[in-house]
Amino acid sequence: QDRLTESGGGSTQAGGSLGLSCEAHEIMFKSACMGWFRQAPGKEREEVATLFTSTGATFYSDFAKGRFTISQDNANRAIHLQMNNLQPEDTGIYYCVADPSSRCGDGVLSRRQDRLYWGQGLQVTVSS
């Protein structure tokens, strides 16, 4: 059984919006650092936003601040990423991640990538 089930993504034009969702299974959702990474074609994977489920504390990469919002849905053991004002450079595959043994912080999950649970990835395409 997949530990993380993702949904959403798709295609939009520059300035448009898309949403991503990730439901956690068999993970201690009550206290986990969950979030999103992305990988653009030909580029390294990078952290987008994270959320510590027990406190609701959120962290954003600079490119995501002011445009993306990460939130949690405790009833469904899920997190969501609302992406507004999307630009072509936001194109890539977006991965849901979870770490039940770590708190969140700026760049924390980036340093623990080999110990994270990963979703299958969602394609996000933004055309100019």
Worksheet item: Under the 3.5 angstrom rule, does the side chain of Gln72 hit a backbone N or O of Thr53 as a donor-acceptor pair?
Response: yes

Side-chain polar contacts of residues 7-23 - donor-acceptor pairs under 3.5 angstrom, sequence neighbours left out - could you list them?
from	atom 1	to	atom 2	distance (Å)
Ser17	OG	Asn84	OD1	2.9
Ser21	OG	His80	ND1	2.8

Fill in: Minimum side-chain heavy-atom gap Cys33-Leu109 below 4.5 Å
yes

Worksheet item: Under the side-chain contact (heavy atoms from CB on, under 4.5 Å) test, which residues partner Lys30, sequence neighbours left out?
Response: none

Discussion item. Using the ring centroid of each side chain, check whether Phe37 and Trp118 are separated by less than 6.0 Å.
Written reply: yes

Discussion item. Met34 vs Leu51, test: side-chain contact (heavy atoms from CB on, under 4.5 Å). Steps then yes/no.
Written reply: CA-CA 5 Å; Met34 296 185 65; Leu51 180 150; 5.6 Å; no

Worksheet item: Can you list the residues that meet the side-chain contact (heavy atoms from CB on, under 4.5 Å) rule with Glu46, with sequence neighbours excluded?
Response: Arg38, Phe63

Discussion item. Do Val126 and Val48 sit in one hydrophobic cluster, given that two such residues count as connected whenever their side-chain heavy atoms are within less than 4.5 Å of each other, even indirectly?
Written reply: yes

Discussion item. Measuring only between side-chain heavy atoms, which start at C-beta, is Arg67 closer than 4.5 Å to Asp90?
Written reply: yes

Worksheet item: Does Gln113 have any side-chain hydrogen bond (donor to acceptor under 3.5 Å, both in side chains) partners at least two apart in sequence or in another chain, and if so, which?
Response: Arg45

Worksheet item: Going from CD1 on Ile79 to CG on Leu4, what distance comes out if it is rounded to the nearest 0.5 angstrom?
Response: 8.0 Å

Worksheet item: Can you tell if the side chain of Ile93 reaches within under 4.5 Å of the side chain of Leu122, non-hydrogen atoms only?
Response: no

When the side chains of residues 95-102 are checked against the rest of the protein, which donor-acceptor pairs come out under 3.5 Å, sequence neighbours left out?
from	atom 1	to	atom 2	distance (Å)
Asp99	OD1	Ser101	N	3.0
Asp99	OD1	Ser101	OG	2.8
Asp99	OD2	Arg112	NE	2.6
Asp99	OD2	Arg112	NH2	3.0
Ser101	OG	Arg112	NH2	3.2

Discussion item. side-chain contact (heavy atoms from CB on, under 4.5 Å), that's the test. Do Phe29 and Asn74 meet it? Break it down for me.
Written reply: CA-CA 8 Å; Phe29 180 81; Asn74 293 338; 3.3 Å; yes

Discussion item. For a quick check under 3.5 Å, do Thr125 and Gln123 share a side-chain donor-acceptor pair by atom type?
Written reply: yes

Worksheet item: Any side-chain heavy-atom pair from Glu44 and Gln39 closer than 4.5 angstrom?
Response: no

Worksheet item: Mind checking what makes side-chain hydrogen bond (donor to acceptor under 3.5 Å, both in side chains) contact with Ser110, not counting sequence neighbours?
Response: Glu47

Worksheet entry | Over all atoms of both residues, closest heavy-atom pair of Cys104 and Phe52 | SG-N, 3.6 Å

Worksheet entry | Candidate pair Tyr60 and Thr69, rule side-chain contact (heavy atoms from CB on, under 4.5 Å), full reasoning | CA-CA 9 Å; Tyr60 295 92; Thr69 302; 3.9 Å; yes

Worksheet item: Which distance, rounded to the nearest 0.5 Å, do you find between the CZ of Phe68 and the CG of Leu81?
Response: 6.5 Å

Discussion item. Do Tyr117 and His25 make a side-chain contact, defined as non-hydrogen atoms from C-beta onward lying under 4.5 Å apart?
Written reply: no

